[in-house]
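By convention in this document, chain letters (A, B, ...) are assigned in the order of the sequence lines, proteins followed by strands, and residues within each chain are numbered from 1.
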Amino acid sequence: MAMPKEIPKTYDAKEWEEKLYHAWEKSSFFNPDICIKAGVTKADAPIFSIVLPPPNVTGTLHTGSACMLAIEDLIVRYHRMQGFRTLWLPGTDHAAIATQSKVERIIYEKEKKTRHDLGREELLRRIESFAEESRNTIVHQTKKMGSSLDWSREAYTLDEKRSLAVRTAFKKMFDDGIIYRGERIVNWDPQMQTTVSDDEIEYVEKTSPFYYLKYGPFVIGTVRPETKFGDKYVVMHPNDERYKAYKHGQKINLEWINGPITATVIKDKAGDMAFGSGVMTITPAHSRIDFEIAQRHNLDIEPIIDDQGKLLPIAEEFAGQEIKEARGKIVAKLKAKGLLVKIDEQYTHNVATNGRGGGTIEPQIKKQWWINVNKEFERAGKTVTLKSLMQDAVRSKKIEILPERFEKIYFHWIDNLRDWCISRQIWYGHRIPVYYCSNNKQGISNFKFQISKEEKCSEPIASIEPLNKCPHCNGEIEQDPDTLDTWFSSGLWTLSTLGWPAYAETATAGKPGSENDFANYHPTNLLESGYDILFFWIARMILMTTYLLDTIPFKTVYLHGLVRDEQGRKMSKSLDNIIDPLDMISEYGADALRLALVIGSSPGNDTRIGDEKIVSFRNFTNKLWNIGRYVSNVGIRNRELRITEKPEPKSNADHWILKRLQDVTEEVTRLIENYQLSLAGEKLRDFTWGEFADWYVEIHKVEKNDAVLRFVFETLLKLWHPFMPYVTEALWETLGNHTKNLLMIERWPASTSTQGGPKKVALTLKADDAERFQLIIDIIQKIRAVRSFSKIDPAKLITVTIRRANERILVQDNGDIFKHLARISDIHITDGNAAPEKSILVQSGLLQVFINLEGIVDIKKERERFKEEKEDKEKYIMSLETKLSNKNFIARAKPDIVEAERMKLEETKKQLADLKHHLASLL
RNA sequence: GGACAAUUAGCUCAGUUGGUUAGAGCGUCACAUUGACAUUGUGAAGGUCACUGGUUCGAAUCCAGUAUUGUCCACCA
């Protein structure tokens, strides 16, 4: 049969992908409202909703996001095909600090201007236009992956609807006293000139000189001598025997950097007896631990370093100098004064840095806005805190985290959670919706701010709508200059994207339209992301939603692992090992990349990817393509064969392949339902390649049951579609099926696990036939092995003899398959028990085939091989007999297990007997 | 310092209620090659399932301990 010229020999992803994505978008079936309108989904169908973890608006697609998209699109397409009302909602995040620092850097490189040169308004204008331009890039790249996102609902954390949600949430928390303003120690980034939250700190290991200094009668150690000017407290553990003589509160006069001082002894358990001398001095203004000690004992707190990272007047002659510059000079002075005991040059310690591209963190005391995670309040008659709400959501199993071990990590994080600093001194982001009356100017100042209860005007006011006048005195007002932590708005993402608060009251379940999304799609079914943002984002969404609405944001959390390079290293610019998903797509196709990301990785575990792996999946897409070429050829021969609902199985092979298809459908459905996506993909690949292509397609060349071939292939396309949407849709079109429907809205093949889908197709399959056919496959493989071992020319045809009546009908029925696949010219049947001379016995179950070797092969060599086989069988029989003679096994194992072992023993014994007999005849 | 995970073929990994003579892909070796496909086909080699003990009729699978590796959290003045 001649191949139709228009189907190329290899699948060309480039040729298809853009075209198909366009067709999908044009159909609007990514939008669940349209699916209902078109009758694709029933109006009362169950819901399945996911919001996309929003990528940074200025970001580009990396392997992590590609992995996320591959997994989510798989699950979304599966549910759409299952008949769910399926919503997958896209959006982008403004990523405040990351974006601003990126744009500031670009502006500085180009124009040598800082943000202060430009001013707040101009900088924001520049960032906005940069973000807008950038947004197109990430959206375009997201589409490249084949993502079936409903773009009509696209959201942005900084757009008007999302901003309203932010102000609404802030106001409620403010009014409830959950948000407060307080002077506390913060992580200050002197480079970006802003605070940073605890979770965004990254520790970098460094080796620095460690200085031992003489502090009166003590020796103290430090890496930062420049912070020691104001140290006037010396802390030791109350149980430290070495310092028993010193009493808490005792004053000691000593010579220090800039002259004589009076130090006070403080006994506190924070002192580590095992570290150094066990004695330390503290700098409460620039260290959290020191700050806490100072608070416990009500000590003076004096700043040493300013916001720019320069020394304050307390440093006297060093005042105004930068830390780096001052340190050496200070050490020199200490040495000159004889206060330097020794220096350890090889001291390694962790330095806190701003993980979002900023500088080294300098703890400072600042007046900031905080979310109180420990404040008690009433909720449904119970006393709760934000922490307890977050714990309960998971502990009660309302939210399930996969894999489960991350629940422990989540709880541990909550246990150690401190109040969340939400104010940032950058400009890009949600302005804190708090206003101060100008009659009380000091309100905005960072120092000495005090709320006077007598004067209402002195209290800051939170407002959802912008305020122009003070509601109390009608005076001028000013807004807080700070912006909110970007995760504050991200924390509202499931709510804000689905219409809260604007439509929260009026949304009606069951009605179409985005204004009803909140009633229809909240809580969402699944939150899928990398485990690296469990704390940043997932926990904060749980915090916000449980607090604001007393419900959960999502039911299941599925965490995927990090994508690493071929050697298991993290991808990074410095290693130059970054794999760009877009390069992979253009080289191998989006489907190959998706398979490489999904198959071979399990939830929560890191996964490796490299060219080799993607190539192997590209090869598979091509394999599927070529099966399609073969099948489409059948379509041309047999035009009335379009979509076959119910094929007619005729042969053993038909029953076998349909039964296997049914099994695989069941299994794959179950695995996807359990989020075992990798296993589902592997099962499908093994079936497609190892059973359908390798066996049934070959058998079809003999038996030519077109309807079965076509049915199995089309079912496979449906099963594969969520994994590799492009090549399957392309094949669907090639088969001519697109005139009825796009594959993406076809119904998922029936199985018992099917939820919203159609009833099971009533195929009357003879399970027995299917099983018996497995014997044929098995014995053909064994014949091939003999041929290969005996170096029989593959082109040479051989003859075989079948003895005994038992299974020979099976061979007779499948004679043509046998001949074709095992390269046999004649099959002789003998009734007698006698084995043909000079032959090799091949057995599968009770089926026996003798390969006639006359003139073909060296019998002596064969005998060696048979001896090995005989020994194998003897060993196996021995182990089975031992097992079956064990009374405890018989008594305690399940009866069907015992029975199965007996059957194995019986069969193997028979095989061995025949083998021995035959071996004797060869001598 | 605390927690969590991993350890199965040369490499990457499956193996989810304990019952297989322990699997796949890649790689290796041998052979094949004009009809769906060399981005291929056929066959083969390759594993005490990290180690030690325990539970069980039965352990890669459950428990305890050990070793190695990795990750996260805390953070030392």
Side-chain angles (χ1 to χ4, degrees), chain A residues 1-3 7 9-11 203 210 220-224 227 235 270-272 274-283 287-290 347 349-350 352 403 405-406 408-409 412-413 416 531-532 534-535 561-562 566 568 588 592 599-602 604-610 612-613 615-634 671 674 676 678-679 682-683 685-686 690 693-694 697-698 701 781 784-789 791-795 821 823 872-873 875-876 879-880 883 886-894 896-898 900-901 904 908:
Chain A
M1 37 180 127
M3 275 294 119
I7 305 179
K9 278 180 114 161
T10 52
Y11 168 60
Y203 289 94
F210 189 77
I220 59 157
T222 183
V223 271
R224 308 199 52 192
T227 64
V235 179
D272 181 355
F275 189 89
S277 62
V279 173
M280 63 176 171
T281 61
I282 56 169
T283 314
S287 151
R288 182 194 309 283
I289 299 291
D290 294 1
Y347 181 73
H349 62 135
N350 289 326
R405 65 186 146 93
F406 281 95
K408 279 186 201 165
I409 297 173
H412 182 254
W413 178 79
N416 294 304
Y531 62 73
D532 51 331
L534 178 63
F535 308 138
L562 262 46
E566 227 153 3
Y588 306 111
I599 297 181
S601 65
S602 49
N605 293 325
D606 292 354
T607 172
R608 299 180 187 200
I609 196 163
E612 208 180 68
K613 193 171 178 188
V615 163
S616 79
F617 286 108
R618 188 274 316 269
N619 294 354
F620 178 72
T621 60
N622 196 56
K623 183 73 184 181
L624 192 70
W625 177 258
N626 275 291
I627 301 170
R629 284 180 83 212
Y630 181 82
V631 175
S632 87
N633 192 48
V634 170
L671 288 168
N674 292 339
Q676 290 174 277
S678 171
L679 268 181
E682 276 178 73
K683 282 274 179 303
R685 184 194 51 195
D686 293 349
D694 288 350
V697 170
E698 293 306 314
K701 290 172 186 171
Q781 278 176 325
R784 283 173 178 168
V786 169
R787 294 183 61 123
S788 172
F789 177 82
K791 302 249 188 301
I792 299 173
D793 182 349
L821 295 183
R823 313 266 322 143
D872 274 358
K873 289 212 191 307
K875 247 197 239 164
Y876 186 38
S879 76
L880 287 169
K883 203 182 224 179
N886 182 338
K887 276 176 196 162
N888 285 323
F889 174 69
I890 306 289
R892 300 191 194 186
K894 285 182 209 149
D896 54 323
I897 301 277
V898 178
E901 297 297 297
K904 279 185 212 162
T908 315

*Asks:* Look at all strands and tell whether K887(A) reaches a base, only sugar-phosphate, or nothing, counting heavy atoms closer than 4.0 Å.
*Replies:*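 Nothing: the residue K887(A), judged by heavy atoms under 4.0 Å, touches no strand.
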*Asks:* Looking at C37(B), does its base get a donor-acceptor pair with the side chain of K623(A) below 3.5 Å?
*Replies:*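 Checked by distance alone, the answer is yes.
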*Asks:* If we take the C1' atom in both U8(B) and A50(B), what is their distance in whole Å?
*Replies:*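 Result for the C1' pair: 10 Å, nearest Å.
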*Asks:* In whole Å, measure the gap between the P atoms of U16(B) and C73(B) for me.
*Replies:*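 Comparing P positions in U16(B) and C73(B) gives a spacing of 30 Å.
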*Asks:* Starting at atom CD of E612(A), determine the distance to atom C1' of U39(B), rounded to an integer number of angstrom.
*Replies:*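 Value for this atom pair: 14 Å.
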*Asks:* When the C1' atoms of C63(B) and A24(B) are compared, how many Å lie between them, rounded to an integer?
*Replies:* 30 Å
*Asks:* Categorize V697(A) for me: base, sugar-phosphate, or nothing, with a 4.0 angstrom heavy-atom threshold over every strand shown.
*Replies:*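 Touches a base.
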*Asks:* Work out how far the P atom of A5(B) is from that of A9(B), and round it to whole angstrom.
*Replies:* 22 Å
*Asks:* Which part of the nucleic acid, if any, lies within contact of D694(A), taking any heavy atom under 4.0 Å across all strands shown: a base, the sugar-phosphate backbone alone, or nothing?
*Replies:* sugar-phosphate
*Asks:* What's the closest nucleotide to the side chain of Y347(A) if the choices are U42(B), G25(B), C76(B)?
*Replies:*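 My answer, after comparing the listed nucleotides, is C76(B).
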*Asks:* Toward the 5' end of RNA chain B, which comes first, S788(A) or A693(A), by nearest nucleotide?
*Replies:* A693(A)
*Asks:* Please state whether the phosphate of C75(B), meaning OP1 or OP2, lies under 4.0 angstrom from any side-chain nitrogen or oxygen of Y203(A).
*Replies:* yes
*Asks:* Does N619(A) or T908(A) map to a spot on RNA chain B nearer the 5' end, using the closest nucleotide for each?
*Replies:* T908(A)
*Asks:* Closest approach to the side chain of R784(A), judged atom by atom: which nucleotide of A77(B), U42(B), G25(B) is it?
*Replies:*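 Nearest listed nucleotide: U42(B).
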*Asks:* Indicate the atoms forming the closest heavy-atom contact of R608(A) with K613(A), along with that distance.
*Replies:* O-NZ, 3.5 Å
*Asks:* Can you tell me how the ring of F535(A) sits relative to the ring of W413(A), calling it parallel under 30°, perpendicular over 60° and tilted otherwise?
*Replies:* parallel
*Asks:* Would you say the side-chain atoms of D793(A) pair up with the backbone N or O of A795(A), donor to acceptor, closer than 3.5 Å?
*Replies:* yes
*Asks:* Once you apply a heavy-atom cut-off of 4.0 Å, does I289(A) come out as touching a base, just sugar-phosphate, or nothing?
*Replies:*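 Sugar-phosphate only.
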*Asks:* Can you see if the side chain of K701(A) gets near the phosphate of A36(B) - specifically, an N or O under 4.0 Å from OP1 or OP2?
*Replies:*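 Result: yes.
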*Asks:* Take atom CD1 of I599(A) and atom P of A14(B), then tell me their distance rounded to the nearest Å.
*Replies:* 13 Å
*Asks:* With heavy atoms under 4.0 Å as the rule, sort T281(A) into base, sugar-phosphate or nothing.
*Replies:* sugar-phosphate
*Asks:* Which of the following nucleotides, C13(B), U39(B), U21(B), is nearest to the side chain of N622(A)?
*Replies:*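 In terms of side-chain proximity for N622(A), the closest of C13(B), U39(B), U21(B) is U39(B).
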*Asks:* Looking at E566(A) and U12(B), is any side-chain donor or acceptor paired with a base atom of the opposite kind under 3.5 Å?
*Replies:* no
*Asks:* What nucleic acid atoms does S602(A) come within less than 4.0 Å of, heavy atoms only: base, sugar-phosphate, or nothing?
*Replies:* sugar-phosphate
*Asks:* State which of A74(B), A36(B), U71(B) makes the closest approach to the side chain of Y531(A).
*Replies:*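 So the nucleotide nearest the side chain must be U71(B).
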*Asks:* Any donor-acceptor pair under 3.5 Å joining the side chain of Q676(A) to the base of A14(B)?
*Replies:* no
*Asks:* Quick check for you: among U21(B), A36(B), U39(B), whose closest atom lies nearest to any side-chain atom of T10(A)?
*Replies:* U39(B)
*Asks:* Are R405(A) and A5(B) close enough that a side-chain N or O sits under 4.0 Å from OP1 or OP2?
*Replies:*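 R405(A) to A5(B) OP1/OP2: no side-chain N or O under 4.0 Å.
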*Asks:* Looking at U12(B), C31(B), C26(B), which one has an atom nearest to any side-chain atom of P794(A)?
*Replies:* C31(B)
*Asks:* Sub-3.5 Å donor-acceptor pair from the side chain of S277(A) to the main-chain atoms of I220(A), do we have one?
*Replies:* no
*Asks:* OP1 or OP2 of U39(B) sitting under 4.0 Å from any side-chain N/O of K9(A)?
*Replies:*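 It does not, given that no N or O in the side chain of K9(A) lies less than 4.0 Å from OP1 or OP2 of U39(B).
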*Asks:* Look at the side chain of N626(A) and the backbone N and O of K9(A), then say whether any donor-acceptor pair between them is shorter than 3.5 Å.
*Replies:* yes
*Asks:* Which of the following nucleotides, C76(B), C37(B), U12(B), is nearest to the side chain of D272(A)?
*Replies:*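 Shortest atom-to-atom distance from the side chain points to C76(B).
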*Asks:* Starting the side chain at C-beta, find the nucleotide from G15(B), G19(B), C75(B) nearest to I897(A).
*Replies:* G19(B)
*Asks:* Would you classify G278(A) as touching base, sugar-phosphate or nothing, given that sugar-phosphate means primed atoms plus P, OP1 and OP2, and contacts are heavy atoms under 4.0 Å?
*Replies:* base
*Asks:* Of all the choices, G43(B), C26(B), A36(B), which nucleotide is nearest to the side chain of R629(A) once you look at every atom?
*Replies:*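 Closest of the options to the side chain of R629(A): A36(B).
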*Asks:* Answer whether the closest heavy-atom distance between the side chains of I897(A) and F889(A) falls below 4.5 Å.
*Replies:* yes
*Asks:* Backbone N or O of L562(A) within a donor-acceptor pair of the D606(A) side chain at under 3.5 Å?
*Replies:* yes
*Asks:* Decide yes or no, distance alone: a donor-acceptor N/O pair under 3.5 angstrom between the base of C75(B) and the side-chain of N350(A).
*Replies:* yes
*Asks:* Could you give the distance separating C51(B) and A59(B) at their C1' atoms, to the nearest angstrom?
*Replies:*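 Going atom to atom, C1' in each nucleotide, I get 16 Å.
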*Asks:* Expressed as a whole number of Å, how far does the C1' atom of A22(B) sit from that of C31(B)?
*Replies:* 28 Å
*Asks:* I'd like the C1' distance from U40(B) over to A6(B), given in whole Å.
*Replies:*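 Their C1' atoms lie roughly 37 Å apart.
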*Asks:* When you compare G41(B) with U20(B), how far apart are their P atoms, in angstrom units rounded to a whole number?
*Replies:* 31 Å
*Asks:* Sub-3.5 Å donor-acceptor pair from the side chain of N605(A) to the main-chain atoms of S601(A), do we have one?
*Replies:*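 No, because the side chain of N605(A) does not come within donor-acceptor range (under 3.5 Å) of the backbone of S601(A).
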*Asks:* Base, sugar-phosphate, or nothing: which does Q781(A) touch, judged by heavy atoms less than 4.0 Å apart?
*Replies:* sugar-phosphate
*Asks:* Reckon F617(A) touches a base, only the sugar-phosphate, or nothing at all at heavy-atom distances under 4.0 Å?
*Replies:*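 Result for F617(A) = nothing.
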*Asks:* If only atom types and distance count, is the side chain of S287(A) paired as donor or acceptor with the main-chain N or O of D290(A) below 3.5 Å?
*Replies:*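 Side chain of S287(A) to backbone of D290(A), a donor-acceptor pair under 3.5 Å: yes, one is there.
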*Asks:* Taking donor-acceptor contacts at under 3.5 Å, does the side chain of R618(A) reach the base of U39(B)?
*Replies:* yes
*Asks:* F275(A) CZ to G1(B) P: how many Å, rounded?
*Replies:*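 The answer, rounded to whole Å, is 14 Å.
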*Asks:* Check the angle between the aromatic planes of F210(A) and F275(A) and answer parallel, tilted or perpendicular using the 30° and 60° thresholds.
*Replies:*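 Judged by the thresholds at 30° and 60°, the geometry between F210(A) and F275(A) is perpendicular.
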*Asks:* Using a 4.0 Å heavy-atom cut-off across all strands, classify R224(A) as base, sugar-phosphate, or nothing.
*Replies:*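 It contacts nothing in the nucleic acid.
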*Asks:* Nearest to the side chain of A893(A), which nucleotide is it out of A36(B), G43(B), G19(B)?
*Replies:*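 Of all the options, the side chain of A893(A) is nearest to G19(B).
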*Asks:* How does RNA chain B read in dot-bracket, base by base from 5' to 3', with Watson-Crick or G-U pairs under 3.5 Å and | used when the partner is on another strand?
*Replies:* (((((((..((((.....[...)))).(((((.......))))).....(((((..]....))))))))))))....
*Asks:* Taking 4.0 Å as the cut-off, does a side-chain nitrogen or oxygen of K408(A) come that near to OP1 or OP2 on A3(B)?
*Replies:* no
*Asks:* Any side-chain to backbone donor/acceptor pair from R787(A) onto R823(A)? Under 3.5 Å, distance only.
*Replies:*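 Yes: the side chain of R787(A) pairs with the backbone of R823(A).
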*Asks:* In whole angstrom, what separates D290(A)'s CG from C76(B)'s C1'?
*Replies:*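 D290(A) atom CG is separated from C76(B) atom C1' by 11 Å.
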